[in-house]
Each structure stands twice: as structure tokens, then as C-alpha cells.
Amino acid sequence: MSAERMGSTPRDRRRRAMSAFWLAMTGVAALLTVIPLLLIFFHLLRAGLGSMNLAFFTSVPAPVGQPGGGVGNGVLGTALLVGLAALMGLPVAIGAGIFLAEAEGGRLANGIRFVTDVMNGIPSIVIGIFVWAWVVVAMGGFTAFAGGVALALMLIPMVTRTTEEMVRLVPKELKEGALALGFTRWRTTLGVVLPAARSGILTGVLVALARIAGETAPLLFTAFGNPFWSARLDQPIAALPVQIFQYAISPFEDQHRQAWAASLLLIGLVLAMNLVARFLIRSPFRSR
């Protein structure tokens, strides 16, 4: 057998060498991306794990200058704010994403797509100031409802674009087959397109929720924070990011330790949501 048929010509060897080189470079780039994240996580483990105990998860912050206390009210507040943002934002975002995917190149769709892209680039602190001006001032004070509105405004553009892209990935043959069977267009969208795009949409939703769960700036202008247990929508409410910020700027060492522990808890919650998005959401096209 000749050397050319065995793939051992100088040209083939160069191609294999270049392929191996660039594969190694992409591996190095991936490693350089992951290393800072791992360093942050391990530093949080070292600095914050020792401050975690049952009281940390079930207690409110201790009075200023006194040791102890916890962030139980912050966990409750974060869950309430994220849930409120999802309740207000997800129907709008998913509906808008479906409309953009189905309308394609219409003038209205292009306008909505442009506004969505602009909103994705707005700094979160600007959204906080906007909600403060239009919601907090109108309600006469900081409230959990205003915090939910601010997070919903951040959630909507992210989920809208994800939904649009996922719906566009659904094979056209599925839609054409449903229409050929006599389905109306809205029944085709709800009964065929959405179930097919469910995995990607749910993944985008979980990633967006994980992102807004760690936002601090908009909550400083809206929910403001609360050192006590509170689940009322018309009152200020605690949130983990806000408590971390307040502890970090405190002059007391015990609150610095609490800030590290709360940061570890927050990054753990975000990591858990991303793991759910990565491993538990399964494609409907995957064989069982």
C-alpha cells in the first residue's frame, strides 16, 4: 500500500499536527477560563464555609457590632423577589419570543427585537433608577414589589431572545406537518412548536433566573433591604446580594465573615440553577 493511501504524506502530517496544535490551544483557553472561576469558588469555601451553621440559615442579622446572626431573611427575600420577577416577566418574555420567531421580518418584530437588544445592554443600576422613579416614588417608599419589577425588566429581554432562538431551531417540517393536518397556526405554535423548543426555553429561563438572583444595584434603589423577616410586597425586603454589600462595607470583622459565607451561599444557589439547566433539562428529540 502506498504512503499516499495510508495518509502519511507530508501534507497529511502537517494537517494532523495543526489540528492537534489548535485542539491543544482551545483546551488551554478553556482551562484559562475555568481557573479564575475555580479560584473564586475555593476562596469562598475557605473564607465562608466556617461561618455556616444552622443559625446562619434560620436567623436574621444580629444588631450592628454584635457577633452571630444569619441571612435567613435574605434567602427568603431573594426567593420571593426572583419568584415575583418570574411571575411578571416570563409570560411577557416567552410570548414576545414566540411572536418574534413567528413574525420574522415584520416592522413591528424588528422594532421589538431592537428594543430587546438595547434593554439587554442597559446597566442594571440604570434599571434600578428607572424603577425607583416610576414605581418607588409612586408607591411612596421602597417595596418588594418594586424590586420584583426591576428584576423582571432585566429578565424579559434575556428570555425573549432565548425563546426566539429556540423556536427558530424547531424544524420547519414539524410546523408544516401540523398545518397540513388542519391545525390552526396558534394551535401549531402551542401544541407542536413550544413542546419541541421546551428544553432550550427552560434552560434559558433558568440561566436568566440565576443571573438576576445575584443582582445588587437595582435592589438598592427598589427593595432596599430589611433586617427583619418580611414577605410583604408593600414593604422593604431583604435580599442576599444587598446583605452581602452591606456586610462588605461594614467595619466589623464578624460581618465580613458573614459576607463571605453569604457569597458562598449565593454562588452555590446560582451554580445549582445552572447545573439544573445543564443536566436535568432533556431535549424532546433525544431517544429515551
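Start at 1 with the first residue, then count along the sequence.
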With rounding to the nearest 0.5 Å, note down the distance linking [atom1] in [X] to [atom2] in [Y].
X: M25; Y: L32; atom1: CE; atom2: CG; answer: 9.0 Å
X: Q66; Y: Q255; atom1: CD; atom2: CD; answer: 10.5 Å
X: T116; Y: E164; atom1: OG1; atom2: CD; answer: 8.0 Å
X: Q258; Y: I244; atom1: CD; atom2: CD1; answer: 11.0 Å
X: T58; Y: F56; atom1: OG1; atom2: CZ; answer: 10.5 Å
X: I40; Y: I267; atom1: CD1; atom2: CD1; answer: 6.5 Å

For a quick test of reading the model, state the closest non-hydrogen atom pair linking [X] to [Y] and the distance between them.
X: Q235; Y: S230; value: CB-OG, 4.2 Å
X: A261; Y: M52; value: O-CE, 3.2 Å
X: L174; Y: A196; value: CD1-CB, 4.2 Å
X: I127; Y: M154; value: CD1-CG, 3.5 Å
X: I201; Y: M166; value: N-CG, 3.8 Å
X: A101; Y: V167; value: CB-CG1, 3.5 Å

[Y] and [X], any side-chain heavy atoms less than 4.5 Å apart:
X: L220; Y: F245; answer: yes
X: W260; Y: H43; answer: yes
X: V149; Y: W134; answer: no
X: F142; Y: I237; answer: no
X: L219; Y: F224; answer: no
X: L155; Y: L209; answer: yes
X: E165; Y: L169; answer: no
X: L233; Y: L80; answer: yes

Donor on one side chain, acceptor on other, R113 and N110, under 3.5 Å:
yes

Quick check: does any side chain N or O of [X] sit under 3.5 Å from a backbone N or O of [Y], one acting as donor and the other as acceptor?
X: N226; Y: P236; value: yes
X: T78; Y: L240; value: yes
X: T26; Y: W22; value: yes

Can you pull the side chain to side chain donor-acceptor pair (under 3.5 Å) pairs that have at least one residue in residues 206-223, sequence neighbours excluded?
S124-E215

Determine, using the 4.5 Å side-chain heavy-atom cutoff (strictly less than), whether [X] and [Y] are members of one ILVMFWY cluster.
X: L100; Y: L194; value: no
X: V159; Y: F99; value: no
X: M88; Y: I94; value: yes
X: F42; Y: L49; value: yes
X: I156; Y: I125; value: no

side-chain contact (heavy atoms from CB on, under 4.5 Å) evaluation trace for E253 with H256:
CA-CA 5 Å; E253 185 60 32; H256 293 170; 3.6 Å; yes

Using the rule given for side-chain contact (heavy atoms from CB on, under 4.5 Å), can you reason through F114 versus D117, listing the C-alpha separation, both sets of side-chain angles and the distance that settles it, and then say yes or no?
CA-CA 5 Å; F114 174 76; D117 290 337; 5.8 Å; no

Are there more than 12 heavy atoms of other residues, nucleotides or ligands under 6.0 Å from atom [atom1] of [X]?
X: F41; atom1: CZ; answer: no
X: F228; atom1: CZ; answer: no
X: F145; atom1: CZ; answer: no
X: W229; atom1: CH2; answer: yes

N73/Q243 under side-chain contact (heavy atoms from CB on, under 4.5 Å): CA gap, chis, key distance, verdict:
CA-CA 10 Å; N73 58 334; Q243 285 185 298; 3.3 Å; yes

Tell me, which pairs form a salt bridge (Lys or Arg N to Asp or Glu O under 4.0 Å) where one or both residues lie in residues 231-247, sequence neighbours left out?
R232-D234

